[in-house]
Every structure is written in C-alpha cells, then in structure tokens.
Amino acid sequence: MSTVEALQDVLAAEHAAVHVYGTLGAATSLSATPELYERVSLAWTEHRARRDALEVELRGLGVRPVGTRAAYEAPGPVGSPDEVSATAALLEQRCAATYAALVAATSGPRRRAAVELLAETAVTVLAFGGAAEPLPGVGGA
C-alpha cells in the first residue's frame with residue numbers, strides 16, 4: 001500500500017468516526033452521564049481535527065482527498081451508556097487499524113506522526129472500556 005492510499009484510508013476512517021461520534025453524542029446526556037458525554041465530545045473534536053489535517057495534507061501532496069459518504073452505520077448498538085462506550089471502543093479500534101497500516105506504509109516524520117496518532121487512538125480505546133492490545137490496530141476489529 002502506498003503512503004497516499006494509506007492516508008486516504010485513514011481519512012475515510014476519520015470521516016466515519018466524525019459521523020458516528022455525532023450519533024454517539026446524541027445518544028448520551030450531559031446531565032445523566034456527564035463523563036461519557038465528555039469523552040464522546042472530546043473524541044468527536046479530536047477526530048474532526050485529524051480529518052481536517054489529513055485533508056490539508058493530501059491536498060498539499062496534490063491529491064484530491066476522499067470524500068465523506070452520505071451516511072455511516074454505527075459499528076454497534078447505542079441504546080445505553082454501556083453500548084455507547086462499547087461502540088466507541090470498536091470505532092476507535094477500526095481507526096487504529098488504519099493508523100497501523102499508515103505506520104507500515106510510511107517512514108520518517110510521517111511515520112512518527114502516525115505512531116503518535118496510533119498511540120492516542122489506542123488510549124482512547126481504553127478510555128471507552130476496550131481491551132489493551134500488544135500491537136494496537138493489528139489485532140483486527
């Protein structure tokens with residue numbers, strides 16, 4: 001996989017994450033589950049920033065960034081706080097897989113940045129109650 005292909009895959013995952021976190025945010029409550037609401041809100045903000053930075057990076061490479069789809073399905077149920085957390089962890093695991101592929105497809109500063117983002121994503125998996133993995137993003141979610 002080329003670096004550009006890996007960047008496009010990560011961007012596609014970030015588009016999905018932004019959309020799905022919007023759904024997860026709508027399924028949480030600041031008054032009933034303030035910690036979960038804050039974690040979801042923070043994750044949404046982080047994924048928006050990553051998405052925007054990836055679009056800028058791809059344009060800087062002279063590449064048209066992959067666009068967003070009309071809709072995305074949450075990778076799990078969102079009816080209860082526990083379901084929201086589990087779905088968020090699964091979403092982060094999926095993003096981690098694309099960051100792991102980006103690490104493999106790059107070198108130098110781009111790889112270092114990808115490793116940092118992979119680590120941040122792995123920590124977010126844990127924040128939502130997901131399991132720790134020896135090689136985040138490689139286990140396959």
Side-chain angles (χ1 to χ4, degrees), residues 1-61 63-141:
M1 173 180 293
S2 73
T3 298
V4 169
E5 290 170 329
L7 286 167
Q8 293 281 34
D9 285 351
V10 171
L11 178 56
E14 291 295 355
H15 282 311
V18 169
H19 181 88
V20 172
Y21 271 114
T23 300
L24 297 177
T28 62
S29 168
L30 181 58
S31 61
T33 54
E35 290 177 14
L36 178 59
Y37 180 85
E38 290 299 325
R39 275 196 309 273
V40 167
S41 296
L42 177 61
W44 180 73
T45 299
E46 289 172 348
H47 283 284
R48 281 184 48 215
R50 291 175 191 159
R51 177 204 60 196
D52 294 349
L54 285 161
E55 287 179 340
V56 168
E57 182 173 356
L58 284 162
R59 284 190 183 99
L61 295 171
V63 176
R64 182 178 177 181
V66 65
T68 188
R69 295 190 336 221
Y72 296 89
E73 189 172 322
V78 297
S80 71
D82 287 342
E83 290 174 341
V84 167
S85 291
T87 297
L90 181 55
L91 181 62
E92 292 295 334
Q93 288 168 337
R94 289 180 176 182
C95 287
T98 65
Y99 280 111
L102 182 60
V103 169
T106 58
S107 62
R110 176 72 245 158
R111 176 177 275 177
R112 281 189 290 282
V115 167
E116 289 175 16
L117 291 167
L118 174 58
E120 288 174 15
T121 304
V123 168
T124 305
V125 168
L126 298 176
F128 283 110
E133 297 180 40
L135 297 171
V138 179

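Treat the numbers as computed from the prediction; the structure is a model and nothing was measured.
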Any donor-acceptor pair under 3.5 Å from [X] side chain to [Y] backbone:
{"X": "Thr28", "Y": "Gly25", "value": "yes"}
{"X": "His15", "Y": "Val66", "value": "yes"}
{"X": "Glu5", "Y": "Met1", "value": "no"}
{"X": "Thr121", "Y": "Glu92", "value": "no"}
{"X": "Thr87", "Y": "Pro77", "value": "yes"}

Considering non-hydrogen atoms only, spot the tightest contact between [X] and [Y] and give its length.
{"X": "Leu11", "Y": "Pro65", "value": "CD2-CB, 3.5 Å"}
{"X": "Leu36", "Y": "Ser85", "value": "CD1-OG, 3.4 Å"}
{"X": "Ala105", "Y": "Ala6", "value": "CB-CB, 3.8 Å"}
{"X": "Ser31", "Y": "Pro34", "value": "O-CD, 3.9 Å"}

Indicate the ring-plane relationship of Tyr21 and His47, choosing parallel, tilted or perpendicular according to the 30° and 60° boundaries. parallel

To the nearest 0.5 Å, what is the distance between [atom1] ([X]) and [atom2] ([Y])?
{"X": "Ser107", "Y": "Arg112", "atom1": "OG", "atom2": "CZ", "answer": "9.0 Å"}
{"X": "Arg111", "Y": "Leu102", "atom1": "CZ", "atom2": "CG", "answer": "9.5 Å"}
{"X": "Cys95", "Y": "Asp9", "atom1": "SG", "atom2": "CG", "answer": "11.5 Å"}
{"X": "Leu30", "Y": "Glu38", "atom1": "CG", "atom2": "CD", "answer": "6.0 Å"}
{"X": "Glu57", "Y": "Arg110", "atom1": "CD", "atom2": "CZ", "answer": "4.0 Å"}

With a cut-off of 6.0 Å (strictly less than), are more than 12 heavy atoms of other residues, nucleotides or ligands near CZ of Phe128?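 Atom CZ in Phe128 is crowded, with more than 12 foreign heavy atoms closer than 6.0 Å.
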
Do [X] and [Y] have side chains that approach each other closer than 4.5 Å (heavy atoms only, starting at C-beta)?
{"X": "Leu7", "Y": "Leu61", "answer": "yes"}
{"X": "Arg50", "Y": "Leu117", "answer": "yes"}
{"X": "Val63", "Y": "Gln8", "answer": "yes"}
{"X": "Val20", "Y": "Pro75", "answer": "yes"}

Please tell me whether Glu14 and Tyr99 have a donor and an acceptor in their side chains that are separated by less than 3.5 angstrom.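 Their side chains do contain a donor-acceptor pair, which is all the 3.5 Å distance test asks for.
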
Val84: which of Thr23, Thr33, Leu24 passes side-chain contact (heavy atoms from CB on, under 4.5 Å):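 Result for side-chain contact (heavy atoms from CB on, under 4.5 Å) with Val84: Leu24.
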
Intermediate values then yes/no, side chain to side chain contact (heavy atoms under 4.5 Å, CB included), Glu133 and Gln93: CA-CA 10 Å; Glu133 297 180 40; Gln93 288 168 337; 3.9 Å; yes

